[in-house]
Amino acid sequence: MKKVIAIIILFFIGAMAVKCSKPTITKEQQDNIAVRIYRNYDIQEIEFLSFTKNDSTGTYYLRIKLNGDEKKETVLSIYDLSVLEKSEGEMSLSPHEYFDDIKRQNIINDKIEELKIKITYIGGK
């Protein structure tokens, strides 16, 4: 009986360790990425699908979908998490040919106070 309890406790500790090690991305960080994409692409909607980390390379992957279009789904590779803290700067999406039709002719360099697009965040609302 003690072995069964010990195994159950170890299982829960392992499950907690896995959950705690899962990378997280805040709503503000997702907003920053949305602004950076909006500056370069004519979008009405962005859906954040997943945020994962490749433990062997240390690279984070942010999977997104634009304008509700399955063909406009891509993965952003993030090597430095400080990128998530800034809404300034450009962001290119690839493969380029999938996004050329929504690429802005003139990049928006002005400060963007409020995005007028629909955003679906990781973790709800």
Side-chain angles (χ1 to χ4, degrees):
M1 185 66 161
K2 288 182 182 180
K3 286 184 181 182
V4 171
I5 292 173
I7 291 172
I8 291 171
I9 290 172
L10 286 174
F11 172 77
F12 282 114
I13 290 172
M16 297 272 281
V18 169
K19 178 142 175 72
C20 292
S21 67
K22 183 178 177 184
T24 59
I25 184 169
T26 66
K27 179 182 178 290
E28 290 78 19
Q29 290 171 327
Q30 291 172 76
D31 283 339
N32 289 338
I33 294 296
V35 168
R36 291 177 78 159
I37 292 170
Y38 180 79
R39 288 179 187 283
N40 295 284
Y41 297 90
D42 184 20
I43 60 171
Q44 292 75 46
E45 179 181 347
I46 184 168
E47 181 178 355
F48 293 94
L49 301 170
S50 65
F51 186 63
T52 58
K53 180 180 180 185
N54 181 320
D55 289 326
S56 63
T57 64
T59 304
Y60 293 86
Y61 298 105
L62 180 59
R63 194 164 59 95
I64 62 169
K65 180 169 50 171
L66 301 176
N67 297 336
D69 186 348
E70 299 294 328
K71 294 178 184 174
K72 301 281 189 244
E73 191 172 309
T74 190
V75 176
L76 305 173
S77 298
I78 301 168
Y79 304 100
D80 180 3
L81 289 179
S82 67
V83 168
L84 300 175
E85 303 304 326
K86 299 180 284 186
S87 63
E88 298 83 24
E90 294 184 28
M91 181 158 292
S92 292
L93 303 176
S94 62
H96 296 288
E97 58 271 11
Y98 289 5
F99 300 97
D100 281 345
D101 62 325
I102 60 171
K103 180 112 171 113
R104 291 188 189 277
Q105 294 297 324
N106 298 311
I107 296 169
I108 298 173
N109 290 316
D110 299 334
K111 185 170 176 75
I112 298 172
E113 297 296 329
E114 181 181 352
L115 280 178
K116 304 248 190 265
I117 63 173
K118 178 183 175 189
I119 301 175
T120 305
Y121 298 98
I122 294 172
K125 202 164 187 223

Looking at [atom1] of [X] and [atom2] of [Y], how far apart are the two atoms once the value is rounded to the nearest 0.5 Å?
{"X": "D69", "Y": "Q44", "atom1": "CG", "atom2": "CD", "result": "11.0 Å"}
{"X": "I43", "Y": "L115", "atom1": "CD1", "atom2": "CG", "result": "7.5 Å"}
{"X": "L62", "Y": "I122", "atom1": "CG", "atom2": "CD1", "result": "5.5 Å"}
{"X": "I37", "Y": "L93", "atom1": "CD1", "atom2": "CG", "result": "5.0 Å"}
{"X": "T52", "Y": "K22", "atom1": "OG1", "atom2": "NZ", "result": "9.5 Å"}
{"X": "I64", "Y": "F51", "atom1": "CD1", "atom2": "CZ", "result": "13.0 Å"}

Minimum heavy-atom distance [X]-[Y], with the two atoms named:
{"X": "F99", "Y": "S94", "answer": "CE1-O, 3.6 Å"}
{"X": "K72", "Y": "D101", "answer": "NZ-OD1, 2.8 Å"}
{"X": "P23", "Y": "K53", "answer": "CG-N, 3.7 Å"}
{"X": "Y38", "Y": "R104", "answer": "O-NE, 2.8 Å"}
{"X": "I112", "Y": "V35", "answer": "CD1-CG1, 4.0 Å"}
{"X": "N40", "Y": "M91", "answer": "ND2-N, 3.0 Å"}

Test: side chain to side chain donor-acceptor pair (under 3.5 Å). Region: residues 79-88. Which pairs qualify, not counting sequence neighbours? Q29-E85, D80-S82
Flag yes if [X] and [Y] sit in one hydrophobic cluster, no otherwise; membership is Ile, Leu, Val, Met, Phe, Trp, Tyr, and two members link when side-chain heavy atoms are under 4.5 Å apart.
{"X": "Y60", "Y": "L76", "result": "yes"}
{"X": "L81", "Y": "I33", "result": "yes"}
{"X": "I108", "Y": "I117", "result": "yes"}

R63 meets the salt bridge (Lys or Arg N to Asp or Glu O under 4.0 Å) criterion, sequence neighbours left out, with E73
Carefully, step by step, assess Y41 and I46 under the rule side chain to side chain contact (heavy atoms under 4.5 Å, CB included). CA-CA 11 Å; Y41 297 90; I46 184 168; over 6 Å; no
Check the pair N32, L84 against side chain to side chain contact (heavy atoms under 4.5 Å, CB included), reporting the backbone distance first and the verdict last. CA-CA 6 Å; N32 289 338; L84 300 175; 5.9 Å; no
Derivation of the side chain to side chain contact (heavy atoms under 4.5 Å, CB included) call for D31 and Y121: CA-CA 9 Å; D31 283 339; Y121 298 98; 2.4 Å; yes
Steps toward side chain to side chain contact (heavy atoms under 4.5 Å, CB included) verdict (F48, I25): CA-CA 10 Å; F48 293 94; I25 184 169; 5.6 Å; no
What do you reckon, is OH of Y98 surrounded by more than 12 foreign heavy atoms closer than 6.0 Å? no
I'd like to know whether NZ of K118 has more than 12 heavy-atom contacts from other residues, nucleotides or ligands below 6.0 angstrom. no
Would you say T59's side chain and N54's backbone share a donor-acceptor pair under 3.5 angstrom? no
